[in-house]
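Just below is one structure, and these are the notes that go with it.
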Protein chains: 2
Amino acid sequence: MSLLDTTCAAIVDTDGEAAQAAQRLLDGKTKPRRSLGRMEDLACQVAAITRCSRPPLPSKAIVVMAGDHGVAQEGVSAYPPEVTWQMLLNFARGGAAINVLARQAGARLVVVDMGVRGPAEEIPGVLGRRVRPGTDNFTQGPAMTVADALLALEHGIAIVHELADSGVGLVGIGEMGIGNTTAATALLAAFSGASLHVITGRGTGIDDATWARKVAVVEKALSVNPPPGKSALEILAALGGFEIAGLAGVVLGAASRRIPVVLDGFIASTAGLCAAKIAPKTAGYVIASHRSVEVGHRLVLSYLGCDPLLDLGMRLGEGTGAALAMPFVESALRILHEMASFDEAHVTDTGR
Amino acid sequence: MSLLDTTCAAIVDTDGEAAQAAQRLLDGKTKPRRSLGRMEDLACQVAAITRCSRPPLPSKAIVVMAGDHGVAQEGVSAYPPEVTWQMLLNFARGGAAINVLARQAGARLVVVDMGVRGPAEEIPGVLGRRVRPGTDNFTQGPAMTVADALLALEHGIAIVHELADSGVGLVGIGEMGIGNTTAATALLAAFSGASLHVITGRGTGIDDATWARKVAVVEKALSVNPPPGKSALEILAALGGFEIAGLAGVVLGAASRRIPVVLDGFIASTAGLCAAKIAPKTAGYVIASHRSVEVGHRLVLSYLGCDPLLDLGMRLGEGTGAALAMPFVESALRILHEMASFDEAHVTDTGR
């Protein structure tokens, strides 16, 4: 069996009984029942994922994967393709938004070159997992071969295994890749059948003419690479990107290790959707950090069955939403560990 | 002049030019313009408040004030009045939700007895500022005298001056007091004229019969203490509570020192509204942390002109929402300080 097959086979249902046990613990704490709302849900979800009613406070990592897209040559972005490489260097030097927010969250940042167009030499501080320097233009054929998609997925799985072995218990995901909202839109259209006019967004900030071109480009991609009859892996290969496939691998690997994954915006969440299309039980392991301005994000999250914790009008990617939301997981678990019960604190409990 | 008068006189408009300068700095950072959404607004607001385009990272404190309410004897809460005192002890021992979340946020927690019914001796870890052991039942007359309201306000102002003098640059507020959603509802009704059927909520979790009683109790309070013709201070005295008046003082004091104040839920935000009714420019200094389940909160925030950062279905009070949101202020300022510009990082800027 391949690494992907063994990983998918290891993904089991989350543990509803552990979630119920966590809720019972929360109900005994000195506060009105359920008065911490979504924070209580979050504690229970992590209990279900880790199969433990009081999960330990996890060590945190954010995996940011970068890749270039052949479709960028169709002029679908407000930025030129070389920005992917430039931003990879910015990540390596610590100057991007995700560097700042990962530091604030106390999360280790793992930057991965999954397939950027740029010089071949290694960048200090960047994991080199380049499948190829950019996908092919999917308006002319598949973005990548199934073998390349599998390789990217398995790089992601291997990275999360290393993180888990080093003690990481909470993973956030993020991405960088000029043109990748176009790829994510094509994937979402393929998986959902939703109208491109509804799910195509403005990416980094395109004007109306570029938006209309983006819709036409995705339409062409879907006619050149018709989804019907294809497996999730084949769709991911035809319409995805190396960073999207890599992140889908991270999500699958994390689920196989019973580690919660904090999604980011539209593209990272679409990687989560790809993972759930490959192994449906994965959906129980993901936490939606925020709702992006990017219009398709809402639909991706509804397919994954998750409500975002934050709605801050953000549309940057890189894992920035994940970094902002990861401390909430920590807070929710601390409530389970550190709050006194009614009995311990001698506070009158009316059961309300 | 009284301390309240000098404080109100020191509250000036926030500095729009500093906010614009902060936005220009943000626009030069390596990200599409405005792609960090509300985080950018937050950085600009703190710039405006502190009159500095790149405000330093602030030291943080959360002030939680507790008080008892004569109206609690009308049976308007799901919990008996002694819970206020019991929870004050729980705060002092570190076992309440706010203790946990303040630790997670890295904020100093300042717990204040503003007027709890309980033994007279000091509790280690609690600032004793008890005006009286509980307000009077405002269905039979004013909750407190104007002199007592002024004393409570000035305790709050003095506490924030001490915090500011010790280097605190960001203040969160929270409260505890059985019966205090009833007081906050009465204050909101007095200031807004809104229908009690629309703004009266479920507090700690009351049933339909108790809710109907709560509406009737507030109606009676408003007829016994008719708001028309009264000053904001007189309304606060008639319908408020010692912890609400104290927190209004904290908000006024912070604004006079150009320190941003992170509000919490319905009651703490109503204290903010009282402060803004006393000195309208105060509204520019408050940040709404979250939207509470408590139905009147929405209206309070709209009067203050602020949108909450979080909406997590919470209704606990104590400053828990403030504690969850305070790290966002820190993140927003770190973006200003630590992110590289397009020039510094050699990233192509298309101005989008």
Side-chain angles (χ1 to χ4, degrees), chain A residues 29-39 41 78-80 82-83 86-87 89-90 93-97 99-101 103-105 203-207 293 309-318 320 323-324 327-328 330-331 334-335 337-341 344-350 352, chain B residues 29-39 41 78-80 82-83 86-87 89-90 93-97 99-101 103-105 203-207 293 309-318 320 323-324 327-328 330-331 334-335 337-341 344-350 352:
Chain A
K29 303 291 189 184
T30 46
K31 56 172 186 55
R33 302 285 188 282
R34 294 286 310 157
S35 59
L36 283 171
R38 297 286 309 277
M39 297 302 288
D41 298 337
Y79 286 82
E82 62 264 27
V83 168
Q86 293 168 346
M87 285 300 296
L89 294 177
N90 198 19
R93 291 185 196 124
N99 300 99
V100 177
L101 297 180
R103 279 195 291 271
Q104 166 80 12
T204 47
I206 54 176
D207 58 22
V293 169
L309 289 163
L310 304 171
D311 189 353
L312 296 171
M314 288 169 46
R315 54 179 175 84
L316 177 53
E318 300 181 3
T320 50
L324 286 173
F328 287 75
E330 227 166 336
S331 294
R334 274 176 181 259
I335 292 289
H337 284 280
E338 299 175 18
M339 258 188 89
S341 68
E344 286 161 351
H346 307 291
V347 173
T348 306
D349 178 14
T350 62
R352 303 299 278 280
Chain B
K29 303 291 189 185
T30 46
K31 56 171 188 54
R33 300 287 186 279
R34 295 287 309 157
S35 59
L36 284 172
R38 297 287 308 276
M39 297 301 289
D41 298 336
Y79 285 83
E82 63 262 27
V83 167
Q86 292 168 348
M87 285 301 295
L89 294 178
N90 197 21
R93 292 185 196 124
N99 299 99
V100 177
L101 297 179
R103 279 195 290 271
Q104 166 80 9
T204 47
I206 53 176
D207 58 23
V293 168
L309 290 162
L310 304 171
D311 189 354
L312 296 171
M314 288 168 49
R315 53 181 175 84
L316 177 53
E318 299 181 3
T320 48
L324 286 172
F328 287 77
E330 225 166 337
S331 295
R334 275 177 181 258
I335 292 289
H337 284 280
E338 300 175 17
M339 259 188 88
S341 69
E344 288 162 350
H346 308 289
V347 173
T348 306
D349 179 14
T350 63
R352 303 298 279 279

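In what follows, every chain begins at residue 1, and chains take the letters A, B, ... in the order their sequences are listed.
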message: Between Gly37(A), Gly95(A), Pro80(A), who has the most heavy-atom pairs with chain B when the cutoff is under 4.5 Å?
response: Gly95(A)
- prompt: With only heavy atoms counted, which part of Glu344(B) is less than 4.5 Å from chain A, the side chain, the backbone, both or neither?
  reply: neither
message: Counting only non-hydrogen atoms closer than 4.5 Å, does Arg93(A) touch chain B with its backbone (N, CA, C, O), its side chain (CB onward), both, or neither?
response: side chain
statement: Counting heavy-atom pairs under 4.5 Å with chain A, the top scorer among Ala105(B), Ser341(B), Ala345(B), Ser331(B) is Ser331(B)
task: Please round to the nearest 0.5 Å and tell me the distance separating atom NZ of Lys31(A) and atom CE of Met87(B).
output: 10.5 Å
field: For the student: nearest non-hydrogen atoms of Leu324(A) and Pro327(A), plus distance
entry: O-CD, 3.5 Å
Under 4.5 Å from any heavy atom of chain A - which part of Val347(B): both
statement: Whatever's closer than 4.5 Å to a heavy atom in chain B on Leu101(A) counts as side chain
Closest approach of Asn90(B) to Ala340(A) (non-hydrogen atoms, all atoms of both residues): OD1-CB, 3.8 Å
Proximal component of Leu310(A), with respect to chain B [non-hydrogen, under 4.5 Å]: side chain
field: Worked check of side chain to side chain contact (heavy atoms under 4.5 Å, CB included) between Leu309(A) and Arg38(A)
entry: CA-CA 8 Å; Leu309(A) 289 163; Arg38(A) 297 286 309 277; 3.7 Å; yes
message: I'd like to know which of Arg334(B), Arg352(B), Met314(B) tops the heavy-atom pair count under 4.5 Å against chain A.
response: Arg352(B)
Leu316(A) and Pro32(B), any side-chain heavy atoms less than 4.5 Å apart: yes
statement: Distance col, row His346(A):NE2 vs Glu82(B):CD, nearest 0.5 angstrom, shows 14.5 Å
- request: Sort out for me which of Asn99(A), Thr204(A), Asp349(A), Leu89(A) touches chain B most, counting heavy-atom pairs under 4.5 Å.
  value: Thr204(A)
- prompt: Which heavy atom in Ala96(B) sits nearest to a heavy atom in Thr30(A), and how many Å separate them?
  reply: CA-OG1, 4.3 Å
field: When Glu318(A), Arg315(A), Met39(A) are compared by non-hydrogen pairs under 4.5 Å with chain B, the top option
entry: Arg315(A)
Residues Asp41(A) and Arg34(A) bridged, charged N to O under 4.0 Å: yes
- prompt: Non-hydrogen atoms of chain A under 4.5 Å away: do they reach the side chain of Asp207(B), the backbone, both or neither?
  reply: both
